[in-house]
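Throughout, a chain's letter reflects where its sequence line sits, starting with A, and its residues are numbered from 1.
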There are 2 protein chains.
Amino acid sequence: MEKKTRFIYIDEVAERTGLTQRTLRFWEEKGLLPSPARSEGGIRMYSDADVSRVIRIRELRDLLGLSLSVIKEIMQVEDELTQVRLQAQQVKREEKLPYLRRSAVMLTTQIQFLGDRIARLQALQSSYAEQLACLRRHMTELEHTAAEQ
Amino acid sequence: MEKKTRFIYIDEVAERTGLTQRTLRFWEEKGLLPSPARSEGGIRMYSDADVSRVIRIRELRDLLGLSLSVIKEIMQVEDELTQVRLQAQQVKREEKLPYLRRSAVMLTTQIQFLGDRIARLQALQSSYAEQLACLRRHMTELEHTAAEQ
DNA sequence: GTCATATTTGACGTTGACGTTAATGTCAAT
DNA sequence: ATTGACATTAACGTCAACGTCAAATATGAC
């Protein structure tokens, strides 16, 4: 019972991810996406893994507003990490530990960065919330005086 | 004891905000910043209020990754809100309420937007945290087997 | 095989957000 | 009044992140 890897064309990837075909080719050209499988005639055949990678990159772009070059670095680190995981059995401990440490450091950095960003956003949000509360007080006040007339 | 409004030159604004003079002029040109006061010779004289506005815009850009045009809209709404507040006494209730309602709607929208963004970032963060935990387990495991040798 | 689509690469165009340079004016101090 | 440092506008340059168009294949249905 072999797992038939489903392949899809670039237009379906574009549809599923909400991007354009041009953007997908561009990201591939810039090294953010690995060159996908090709049909005999040279047409791009995307796997589900490819699609999820696209979605991850899109999230990094939209949520964090990062540039593609920064995203590329992040993805390279993530790739390295999964590489180390996959080669867990083949490589000796002494050679593996440094990689793991580096990955741990990178992950910690990312987590801190996100924590900081989240805190700032929450501060912004609560400032808005306060303004809204103040505004609501004004409004109810106005409605009361209007009712008295 | 009149409050002497301190004015500073554009280079000091640039220094305080971490932007360049060019960026400040550009933002002004694009309508994000109001034309500041000018000296007799036509040189820009910024007040503290101007500086805090710049900082607010910078936060919107850096934290949310918004485009300048979007930021411009947001700032216009905020300006409108403060206008309504300042004219609290002059305007009649019937004329003021619609403005307040619009501001309330805008604020609510912003708060929801931020809440959504924060939730997504937290999801991203916890996924990283999980990966890190997994990685740490691997590492301690490796150190143990290494100690046994 | 043929036809209608869809995909490929390549090249050039566009938009946003500034950087850079030049030519000229202003400020503050000596 | 002169000097040196900083400011002003205007114009052109740049870089990232795509859009658009064209000419040449590929694919899938008939």
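Taking 4.0 Å as the cutoff to heavy atoms of chain A, we find the contact window on DNA chain D bounded by D/dA17 to D/dG28.
A donor-acceptor distance shorter than 3.5 angstrom exists from the side chain of B/Ser47 to the backbone of B/Asp50, with no hydrogens or angles considered. The main-chain N or O of B/Phe113 is never found under 3.5 Å from a side-chain atom of B/Asp116 such that the two would form a donor-acceptor pair.
Side-chain heavy-atom separations under 4.5 angstrom define the hydrophobic clusters, and the remaining members of the one that includes B/Met106 are B/Val77.
Judged as a side chain to side chain contact (heavy atoms under 4.5 Å, CB included), and not counting sequence neighbours, the contacts of B/Gln112 are B/Thr108. Residues passing the side chain to side chain contact (heavy atoms under 4.5 Å, CB included) test with A/Ser67, sequence neighbours excluded: A/Ser69, A/Val70. Partners of B/Thr23 by side chain to side chain contact (heavy atoms under 4.5 Å, CB included), not counting sequence neighbours, listed by chain and number: B/Leu19, B/Thr20, B/Trp27.
Between A/Arg16 and A/Glu12 a salt bridge is recorded (basic side-chain N to carboxylate O distance below 4.0 Å).
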Any N/O pairs under 3.5 Å between the protein and nucleotides 28-30 of chain C? List them or say none.
none

Where do N or O atoms of nucleotides 12-15 of chain C meet protein N or O atoms at under 3.5 Å, pair by pair?
none

Below 3.5 Å between N/O atoms, which protein atoms pair up with nucleotides 2-4 of chain C? Just atom names and distances, please.
none

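A heavy atom closer than 4.0 Å to some atom of DNA chain D occurs in B/Arg25, B/Arg38, these being the qualifying members of residues 24-40 of chain B. Scanning residues 66-78 of chain B for heavy-atom distances under 4.0 Å to DNA chain D yields an empty list.
Between the side chains of A/Gln21 and A/Tyr9, no donor-acceptor pair of N or O atoms lies under 3.5 Å.
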From CA spacing to verdict: side-chain contact (heavy atoms from CB on, under 4.5 Å), B/Arg53, B/Asp79: CA-CA 11 Å; B/Arg53 189 190 178 94; B/Asp79 291 346; 3.0 Å; yes
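Sorted by first and then second residue, the pairs that involve residues 98-109 of chain A and meet salt bridge (Lys or Arg N to Asp or Glu O under 4.0 Å), not counting sequence neighbours, are A/Glu80-A/Arg102, A/Arg101-B/Glu143.
Here the CE atom belonging to A/Met75 is positioned 4.5 Å from the CD1 atom belonging to A/Ile57, to the nearest 0.5 angstrom.
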Would you tabulate the side-chain donor-acceptor contacts of residues 33-41 of chain B under 3.5 Å, counting partners in other chains and residues two or more places apart, or write 'none'?
unit_1	atom_1	unit_2	atom_2	d
B/Arg38	NH1	B/Gly42	O	2.8
B/Ser39	OG	B/Gly41	N	3.2
B/Ser39	OG	B/Gly42	N	3.4
B/Ser39	OG	B/Ile43	N	3.1

